[in-house]
Protein chains: 2
Amino acid sequence: MARARRVTSIDVAREAGVSQATVSYVLNNVSHQKIAEETRQRVFAAVRKLGYTPSAAARTLRLGRSDIVLLLIANIPLGSTAIELIEHLTADLERHGLSVITRIESGRTVASLWKDLAPAAVVSFAPLARQHRADMRAAGTYVVNVWGDSDGEPNVMAQGQIRVGRMQIDHLVSRGHARVGYAAPADARVRAFFEPRLEGVRQGCAEHGLTPPSVREVALDMDAATAAARAWRDEDVTAVCAFNDEIAIALLAGLRAAGLSAPGDLAVIGVDDNPMARFAEPPLTTIDQHMGAVAAELADTVLAGLERPDARRSAPPESTTLVIRRSA
Amino acid sequence: MARARRVTSIDVAREAGVSQATVSYVLNNVSHQKIAEETRQRVFAAVRKLGYTPSAAARTLRLGRSDIVLLLIANIPLGSTAIELIEHLTADLERHGLSVITRIESGRTVASLWKDLAPAAVVSFAPLARQHRADMRAAGTYVVNVWGDSDGEPNVMAQGQIRVGRMQIDHLVSRGHARVGYAAPADARVRAFFEPRLEGVRQGCAEHGLTPPSVREVALDMDAATAAARAWRDEDVTAVCAFNDEIAIALLAGLRAAGLSAPGDLAVIGVDDNPMARFAEPPLTTIDQHMGAVAAELADTVLAGLERPDARRSAPPESTTLVIRRSA
DNA sequence: TTGTATGCGTTATCAG
DNA sequence: CTGATAACGCATACAA
């Protein structure tokens, strides 16, 4: 039993009683070709009737470019926040005929994957060698960098992350704190988010007339967390902005181990509203980012970069909320 | 300045002084064509010199099938464990010329993505409609189901997860517990792991002559966790196997809220060795799964399914460890 | 406004 | 081993 032959545009043409070229014109509504409305409808009807789906491989071969958006993600845990972002981004771009595909990266093999897929765009939440970026761009791929900005390349998400840091410090100041610390991640792979968040805290300190935050790296182990808690305490820091909820939770555990408590001895505020945040001792105050809005902004960047006419140009909606629990 | 033309197999043939067909034979080492070793080397040299990469689009168009393995993932948070699994699987299959690509799914658009990519195999950690599976298989895609098994389709990872449940109960029994509970996830999306783990606990109970576990769903909120803790306590359960560390941590918080403590009033054991586990109060005893081994097994399944000659057939190494802390 | 013809880069077949 | 040639399915310049 022969495997069912694929439905091609030729089949559609035959069914609609037009030429294959016409089918192509209609389906890609080519601007410099006027097609009679009645013909268009016949083509669409035939497409539906036969269940025609264009062959991506053939399109790619012909155009030298696929309709894929390659999402590169560093090999870090993806919390519900990150998953939500990816999900929204996927849905948003899908709506514009782009297929989002994700690659969890260690780093080396991206180049070959890129060549294989010939994606329309690459959105990178992972370090991407300058040379690779250059190659991709030279070949016409639109590259969006959401990693760091040390390499002379702006991080498109930096603004939002700066706002997150601002919200943390603003809340602490509103609670009367004047000397704050910043709990930085030990994992360099999250630099892309760490740097702008810290920058936001710094800006906030400057604006409120406070001395800059005392930055300490807090590794995810009990000893490190305890030591950090004591050190901040010793320099009269009364509140700490943590890079994220995991570090905040570690710090709370460190406080307990040091015989201190939050928010009395040291107030702690996180970022993400991790599902575990409410179970911390005490329950963790944190910043929640609404990924729908963040994703919409990112999707827009991509569409604009691909020069799609349908990129929105509206101001992004507010995308972060303060979740007050007990730790700050 | 014209965009650099692509290097094709014809270029390689010219460079190596052979015919294009020969290049194809060499590169795909076709069995029914004997090629002189010296010729082969010339071809490889030319490939390297010109930096030739076959066009995946053309290959796919011709063969009707790409070298891509599509990894479907449900839209649940991916902890470090899951990320590690994906990373290892990617690396393992890459070594065999297969490109792993991930799609975070809400569910509907898989079909079109599948048609677009024409993947060699689909590995699904997400629900996949029976009809879709059938379509894919009919078209020659090898489908691996790692989701549930309610649909008459075995879950290839079930055995390993059963072992995980066994380890939980074995540890509790070794600590003298005789009446145990099971903390089930409220999120149905993790059924694929939940069911076999619970099954493992049940088997263990049967084998040790205990009554089956008292199963309760524990949602990730304080009230639910507190209520569950009290309920188990009331039925003289002395220890609980939690589906994963998140639920275990929630339960520990619930115990505290109910004025109880672990392991005295109720011992708790989780699964995953989540980074937060050591910061729980008390630090959480849990089962750590070594994803390198799990991934290797999965990669093997895929290779065997694709009838690659290079699929290993060795027994998988031990892939789980008990991490004893204080909660059980 | 529609149809014809060509090429994108492979793989595969077949006669030498 | 080579050389020639036919698909694979689509988009597009050009002819009608």
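Naming convention: chains lettered A, B, ... in sequence-line order (proteins, then strands); numbering from 1 in each chain.
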Which heavy atom in B/Arg65 sits nearest to a heavy atom in B/Thr141, and how many Å separate them?
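That would be NH2-N, 4.2 Å.
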Base, sugar-phosphate, or nothing: which does [X] touch, judged by heavy atoms less than 4.0 Å apart?
X       : result
A/Arg59 : sugar-phosphate
A/Ser24 : base
A/Val18 : sugar-phosphate
A/Ala36 : sugar-phosphate
A/Ile35 : sugar-phosphate

When the distance from [atom1] of [X] to [atom2] of [N] is rounded to whole Å, what number comes out?
X        : N      : atom1 : atom2 : result
B/Leu61  : D/dC10 : CG    : P     : 9 Å
A/Gln20  : D/dT12 : CD    : C1'   : 10 Å
B/Arg14  : D/dG3  : CZ    : C1'   : 14 Å
A/Lys115 : C/dG9  : NZ    : P     : 13 Å
B/Leu27  : C/dT10 : CG    : P     : 9 Å
A/Leu63  : D/dA13 : CG    : P     : 12 Å
A/Asn28  : D/dA13 : CG    : P     : 13 Å
A/Asp67  : D/dC10 : CG    : P     : 13 Å

Mapping A/Thr8 and B/Gly17 to their closest nucleotides on DNA chain D, which lands nearer the 5' end?
B/Gly17
For B/Pro54 and A/Ser19, take the nucleotide of DNA chain C holding the closest heavy atom to each; which residue's nucleotide lies nearer the 5' end?
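It is A/Ser19 whose nearest nucleotide is closer to the 5' end.
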Side chain of B/Tyr52, base of C/dG9: donor and acceptor closer than 3.5 Å?
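No, the side chain and the base share no sub-3.5 Å donor-acceptor pair.
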Are OP1 or OP2 of [N] and a side-chain N or O of [X] less than 4.0 angstrom apart?
X       : N      : answer
B/Ser9  : C/dG9  : no
B/Ser55 : C/dT10 : no
A/Thr39 : C/dT2  : yes

Verdict with supporting geometry, B/Thr53 and B/Arg6, side chain to side chain donor-acceptor pair (under 3.5 Å)
CA-CA 9 Å; B/Thr53 326; B/Arg6 207 197 153 83; 5.3 Å; no
Taking the side chain as everything from C-beta on, heavy atoms only, tell me whether A/Ser112 gets closer than 4.5 Å to B/Glu94.
yes
Do A/Asp92 and A/Asp300 have side-chain heavy atoms sitting under 4.5 Å apart?
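Side chain of A/Asp92 against side chain of A/Asp300, heavy atoms only: no contact under 4.5 Å found.
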Can you tell me how far CD1 of B/Ile10 sits from CD of B/Glu15, rounded to the nearest 0.5 angstrom?
14.5 Å
